> 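The following block contains the structure, expressed as structure tokens.
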Amino acid sequence: MSSADTAIETIELDILGQVCPACLLVVLKQINLYRDRLRDGKARLLVLTDHRDTTRTVPASAQKMGLCVEVRKVSTYYEIIIGGKS
Amino acid sequence: MSDCSKEQENCLAYVQYIREKTNQLLEVMGTEPLHEEELDDHALIELDPIGTIAQSFGHILEYLNETIRELQVAKDELQAIFDATGVGISIIDQDFRILRCNEMQRSLLVAPGNEDVTGRYCYDTYGNRSAPVDHCPAKYSFATGQPAVAREMIKRGKYFQVVTTPFAWDENDRVTTVIEVSLDVTEKKMAELAEKEQREFYLTEKSKLATVLESLSEGLLVIDSDGRIISANRSAAACLKLAETEMIGMSVATLLPGLTINTKMLQMVDLPYTPPDAPERQLSLNMSPLLDSEQKYIGRVITFRDSTEERKQQEMYHRTEKLSAIGQLSAGVAHELNTPLGSILGYARLLLKQENLTQQQREQLAVIAEQAKKSGSIIQALLNFSRHAQPTQCRLTECDLNEVIKSALCLLTTELSKRKITLKTDLDIIPKVCADPGGIEQVVLNMVMNALQAIGKQGEISIKVRHQSGGIRLEVQDTGPGILDEIRSRIFDPFFTTKPFGEGTGLGLSICAGIVNENGGSIDIARSGSSGTTFVVILPCKEAGDA
């Protein structure tokens with residue numbers, strides 16, 4: 001792990017078992033809370049979800065706010081990593 | 001209804017209102033509405049969905065404004081590039097109307113006073129035409145959907161290279177807009193035309209020079225700095241009896257071994273040259289350095305001509321001059337001596353008739369008479385010589401050389417019969433020669449007599465006559481001891497003889513040379529060595545076509 005990675009704070013948001021659009025509202029609330037730090041690249045929001053629609057609605061909204069989004073499939077759930085300027 | 005139930009009813013209405021508004025906002029965000037089972041009223045109120053979405057909208061709006069600002073800057077930058085670029089750019093729609101054009105395009109192609117070109121037809125605005133031409137690149141791009149290049153278009157007196165690129169398409173994939181880029185290539189075109197003109201000029205000059213070199217009567221060789229022949233003209237090939245292709249690449253030191261190529265300049269240098277399968281020739285040669293445009297030495301130019309015949313003519317001329325001078329002198333001396341010698345001979349003979357002479361006196365008088373007679377013969381020879389040394393005294397007529405030779409040989413029958421000398425004649429049928437028969441007979445006599453004296457007691461004399469280009473060739477060959485190289489150049493000089501003192505006058509061959517010269521011919525030694533000598537006489541003849 002590089003020194004740059006170590007300097008980035010990871011905020012984990014576990015919404016496994018929840019479905020959209022409740023998931024979207026929960027994630028948006030977290031983004032609003034940490035938005036400046038997420039845009040500056042000082043923090044990243046790691047969302048754990050098992051609801052497929054969330055992997056569509058969350059990235060679409062986050063990107064409209066100028067944030068970078070990456071979606072990964074991890075075994076039975078998804079990781080959505082939000083952070084940095086798009 | 002109690003106050004409590006009224007408040008509860010208000011709460012439910014409030015939550016319902018929140019849920020409806022939240023669903024409206026979620027719809028704007030492109031997602032489905034909330035279901036009560038996934039978020040109960042309490043969790044909904046705690047999540048503050050309207051506040052959350054409103055705040056997110058604020059962030060989206062902020063990002064949108066940021067992006068708009070960036071786009072505006074990019075647009076301004078693009079406009080600046082569009083206007084500042086060195087090429088003219090137009091955006092043209094499928095009706096050939098100009099949607100936009102930059103400043104360069106305007107300055108290059110738009111007539112002053114027509115600055116506002118938006119919406120006007122490009123063929124009218126740029127080309128002053130009523131319709132697009134067949135080779136219009138925009139027309140091609142609209143028709144094919146492919147980029148097109150017109151390498152050279154002339155507009156308003158300038159040369160352009162025009163490139164069109166499809167820019168937008170409709171739902172049927174048909175091109176609706178093209179970008180046309182016009183590059184002013186006038187300077188490049190002018191430079192190309194100037195270069196072409198210059199190249200044609202140089203090619204013409206080169207052709208002229210090549211023609212001049214080929215038409216030169218002098219041979220010309222160009223050699224590089226390593227002494228290799230890089231160019232040779234036709235006269236050089238003819239003179240050196242080699243093909244031009246044979247000479248190219250050959251070392252000049254190999255071709256002309258006697259040439260000192262270390263010297264930069266040579267003027268009128270005589271150089272012997274032996275062509276393949278031909279006798280040695282003399283070349284008169286000049287050599288100059290060959291310089292490039294920066295005056296650097298890159299080789300040499302050698303010009304030359306075959307001076308063999310010229311040198312023979314010069315020798316002949318000098319000999320004639322000498323003969324003429326000696327002839328005049330001889331005539332004067334002979335005339336002055338003839339009278340006193342006649343007196344000496346006459347008185348000697350008169351005294352011999354006296355009877356009272358002693359035997360010794362008689363013998364002495366006989367010697368005086370004999371020597372005076374011999375002196376008289378010498379004077380007669382001198383007079384003959386002087387007569388032939390005067391060119392005006394010769395009368396040329398058409399005569400048969402073979403008959404003249406036969407007539408001369410008749411006179412030698414007695415002399416030949418005394419010795420064991422075989423005389424062979426090989427006389428071809430030849431045209432008549434223009435000559436003085438008496439003089440030519442004298443030449444044949446002198447040459448055969450000379451051969452007889454050279455052979456001595458036993459040998460062979462061959463007389464051959466042939467018709468060749470330029471005249472009749474008469475050869476008199478003997479099997480005598482030959483003529484030494486060191487005296488060859490003097491053999492035709494008057495009074496030059498190899499015979500012992502008192503036995504020859506040294507005028508025989510001089511007289512021959514004089515007569516032949518009078519007859520417009522030439523005489524020379526063709527071969528001389530230990531196996532004998534061959535004299536060659538060339539006489540002009542009357543050719544079949546001559547009047």
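Residue numbers begin at 1 in each chain, while the letters A, B, ... track the order of the sequences. Here the structure is a predicted model, which means the values were calculated and not measured.
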> Side chain, backbone, both or neither: which part of Leu24(A) has an atom under 4.5 Å from a heavy atom of chain B?
side chain
> Based on non-hydrogen pairs under 4.5 Å, which of Leu67(A), Ile31(A), Val19(A), Leu33(A) is most in contact with chain B?
Val19(A)
> How long is the span from the CD1 atom in Ile53(B) to the CG atom in Leu25(A), to the nearest 0.5 Å?
5.0 Å
> Any idea which of Leu61(B), Leu47(B), Leu26(B) has the most non-hydrogen atom pairs under 4.5 angstrom with chain A?
Leu47(B)
> Compile the donor-acceptor pairs, distance criterion under 3.5 Å only, formed between chain A and chain B.
from: Ala22(A); atom 1: N; to: Glu38(B); atom 2: OE2; distance (Å): 3.2
from: Lys29(A); atom 1: NZ; to: Glu46(B); atom 2: O; distance (Å): 3.2
from: Lys29(A); atom 1: NZ; to: Leu47(B); atom 2: O; distance (Å): 3.3
from: Asn32(A); atom 1: OD1; to: Ser56(B); atom 2: OG; distance (Å): 3.3
from: Asn32(A); atom 1: OD1; to: His59(B); atom 2: ND1; distance (Å): 3.1
from: Asn32(A); atom 1: ND2; to: Thr52(B); atom 2: O; distance (Å): 2.9
from: Asn32(A); atom 1: ND2; to: Ser56(B); atom 2: OG; distance (Å): 3.3
from: Arg35(A); atom 1: NH1; to: Glu62(B); atom 2: OE1; distance (Å): 3.3
from: Arg35(A); atom 1: NH1; to: Glu62(B); atom 2: OE2; distance (Å): 3.2
from: Arg39(A); atom 1: NH1; to: Glu66(B); atom 2: OE1; distance (Å): 3.3
from: Arg39(A); atom 1: NH2; to: Glu66(B); atom 2: OE2; distance (Å): 3.4
from: Ser86(A); atom 1: OG; to: Tyr63(B); atom 2: OH; distance (Å): 3.2

